[in-house]
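Reviewing the structure listed below.
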Amino acid sequence: MGSPNFISQNGSLRSNQTSANSLFSLGQKNYSNLLLNKSNYYYQNDEIGDEQDELIPLPETLLGDLSIDSFSGFSEVQRINSGSPLSFDTPRDKRRRSIVREPTGSRRSKFIFILVGLPAVGKSTISAQLIRFIQSNPATHSLRCLVYNAGKVRRKMSFKNLGKLSMELANNSSDDLFNPKNSEKKEKYARITLDKLLKELDMDICDVGIFDATNSRVQRRQFVFEEICAYNENPESNFRVTPMVLQITCDDPNFIRYNVHQKSFNEDYFDKPYEYAVRDFARRLKNYYSQFTPFSCEEFDSLVKLINDRGLGHGLFVYNIVNTGLVPSKHLNNNHFPSNFSREIVQMVNLMESFVEHYTRMFGYTYIERVKEFFNDEMKNVEAKSTPGGLNYLSTLGSILDEEYFGELQELLRRNLENINADL
Ligand SMILES: Nc1ncnc2c1ncn2[C@@H]1O[C@H](COP(=O)(O)OP(=O)(O)OP(=O)(O)O)[C@@H](O)[C@H]1O
Ligand SMILES: O=P(O)(O)OC[C@H]1O[C@](O)(CO)[C@@H](O)[C@@H]1O
């Protein structure tokens, strides 16, 4: 087999992006932690991968500085909810706390994180890291955080039981859940997931619910915000939910190749051959690129208007992590504070600003190292013509996710955005 075409003559990794190329010049260290036996890998890792269990110490300097007083923009903080179930300063208690209903305006705060991002950009991984960050911080350590993953709901509800759970092969476009023609099926799983999240939040099972789905279309996000507004409007609701959008972007081809490689071992593909899995995921990505609309400032403004028009008085906060935090995205973050914002909201905003600002230092570099190691090790295997298990990952990745493929993705995205703009 020839060299994968993203490896140039001098051995550095080529990419049609420039921003992160330097990251991928082949380094000195070479040790692969990748298990090559697919079934072992499946049983030892869940969808989130191994990130969840790996305890990278968070830098001390980043912790403990999230008090209200350190939040310079807001000296006149209105403290409501003194006995909040969020318990920002009481020991963690996983038991259900008693619910005391209060007038709508002074209901206790809870948070929903709405993730936005194409498949395999790191949403589930970053959710797990965010939870660790929240729970490592003295001000927020007692918050009970849960991830509600639409992919897991889909798998539970749609897989054929063949001894183990197994994804059906999509033989034509009508079988393919990710084909835009079949979007209604996917919407159903998302609705069930969001419904569970809102119910459990209201039952005080968690304080922070992370809605882990691509939420890649404006219509979907409108639906999610409608549901949150309806929850906040409902006099029967026990809490007031503050929505926070966390948009994850990854457009570096080598990050994408690595992430797709990792995805090829997840629950969707554990019983499928490697090449099949990569091809299938590549097709899934094309389907998503043809419908994806990033969360924009205009969307933020229209949601704030919706909140204000309905007299809801809850906030909206938007954060971005681009290419594992390597691309500064501060200017993309956006805050809309409600007229009566609680101490909990200020602390969460403070914490999120810290999380996105220091993301690369806390988590991103470890990931970058891992990506480099993967390519280094695989390059060595290609050169030594010794590929463990007979699999040559690089040539498979390089031939399917080649430069032409990335060009097509960009074109699909461009055309979709053009159509959307034309419709406006
Ligand atoms: N920031 C990151 N830190 C560490 N690993 C990452 C990161 N981003 C992506 N990865 C790697 O990429 C793989 C895919 O990431 P992940 O499953 O989190 O993506 P996702 O956006 O949730 O995907 P999907 O939408 O398909 O569920 C992970 O298994 C992990 O190995
Ligand atoms: O319905 P959405 O927003 O596309 O998100 C859910 C889907 O995203 C994915 O995570 C994409 O890989 C699937 O596992 C899941 O079915």
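Start at 1 and go down the list; that is how both ligands and their atoms are numbered. Because only heavy atoms are used, hydrogens play no part in the values below, and waters and symmetry mates are left out as well, while side chains stay in.
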Exercise. For ligand 1, does Y359 get within less than 4.0 Å through its side chain, its backbone, both, or neither, judged by non-hydrogen atoms?
Worked result: side chain

Exercise. Excluding sequence neighbours, so at least two apart, what forms ring-ring contact (aromatic ring centres under 6.0 Å, His included) with F292?
Worked result: none

Exercise. Is the closest heavy-atom distance from K152 to ligand 2 below 4.0 Å?
Worked result: no

Seminar exercise, completed: Sorted by chain and number, sequence neighbours left out, side chain to side chain donor-acceptor pair (under 3.5 Å) with E404 holds for none

For this session: Check ligand 2 against G151 and write out every atom of the ligand that is under 4.0 Å from a heavy-atom position of the residue.
Result: 14 (O), 15 (C), 16 (O)

Problem set entry | ligand 1 to T125 polar contact by distance, N or O atoms, under 3.5 Å | yes

Exercise. What are the atoms of ligand 2, with element, lying closer than 4.0 Å to any heavy atom of R220?
Worked result: 1 (O), 2 (P), 3 (O)

Problem set entry | Per-atom contacts of ligand 1 with A120, taking only distances under 4.0 Å to non-hydrogen atoms | 19 (O), 20 (P), 21 (O), 23 (O), 24 (P), 25 (O), 26 (O)

Exercise. Are K263 and ligand 2 in contact, using a heavy-atom cut-off of under 4.0 Å?
Worked result: no

Exercise. With side chains defined as the heavy atoms from C-beta onward, is the minimum distance between F300 and F295 less than 4.5 Å?
Worked result: yes

For this session: Would you check the N or O atoms of N259, main chain and side chain alike, for any that come under 3.5 Å of an N or O of ligand 1?
Result: yes

Problem set entry | Pair N416, S290: side-chain N/O donor-acceptor within cut-off below 3.5 Å | no

For this session: May I ask you to check whether Y367 and F363 place their ring centers less than 6.0 Å from one another?
Result: no

Exercise. Considering distance alone, does some N or O of R155 sit under 3.5 Å from an N or O of ligand 2?
Worked result: no

Exercise. Atom CG in D204, atom CZ in R108: separation rounded to 0.5 Å?
Worked result: 8.0 Å

For this session: Kindly confirm or rule out an N or O of D268 lying under 3.5 angstrom from an N or O of ligand 2.
Result: no

Exercise. For V121, is at least one N or O under 3.5 Å away from an N or O on ligand 1?
Worked result: yes

Problem set entry | T242 and S109 side chains, donor-acceptor separation under 3.5 Å | no

Exercise. Side chain, backbone, both or neither: which part of R284 comes within less than 4.0 Å of ligand 2 when only heavy atoms are counted?
Worked result: side chain

For this session: Taking the six-membered ring for Trp and the full ring for Phe, Tyr or His, determine whether the centres of Y274 and Y393 are under 6.0 Å apart.
Result: yes

For this session: Compute whether any side-chain donor of one residue and acceptor of the other, for D251 and N323, lie under 3.5 angstrom apart.
Result: yes

For this session: Mark up the atoms of ligand 2 that fall under 4.0 Å of a heavy atom belonging to A150, in ascending order.
Result: 6 (C)

For this session: Would you confirm whether the ring centroid of F337 sits within less than 6.0 angstrom of the ring centroid of F317?
Result: yes

For this session: Could you name the option among Q262, K263, H261, R370 that has the heavy atom nearest to atom 31 (O) of ligand 1?
Result: Q262

Seminar exercise, completed: Short version for K123: what comes under 4.0 Å of ligand 2, heavy atoms counted, is neither

For this session: Any atoms of ligand 2 less than 4.0 Å from a non-hydrogen atom of N215? List them with their elements.
Result: 3 (O)

Exercise. Heavy-atom contacts under 4.0 Å between Y189 and ligand 2: side chain, backbone, both, or neither?
Worked result: neither

For this session: Check each heavy atom of K123 against ligand 1 and say whether those closer than 4.0 Å belong to the side chain, the backbone, both or neither.
Result: both

For this session: Verify whether one side chain among Q262 and Y258 offers a donor that lies under 3.5 Å from an acceptor in the other.
Result: yes

Problem set entry | Proximity winner for atom 8 (N) of ligand 1, if only heavy atoms of A213, G117, G122, G151 are counted | G122

Problem set entry | Any N or O of T214 closer than 3.5 Å to N or O of ligand 2 | yes

For this session: In plain terms, say whether K380 and E383 are close enough for a salt bridge, that is, a side-chain N and a carboxylate O under 4.0 Å apart.
Result: no

For this session: Answer with side chain, backbone, both or neither: which part of Q129 has a heavy atom less than 4.0 angstrom from an atom of ligand 1?
Result: side chain

For this session: Check whether any side-chain heavy atom of L146 sits under 4.5 Å from a side-chain heavy atom of L197, and report yes or no.
Result: no

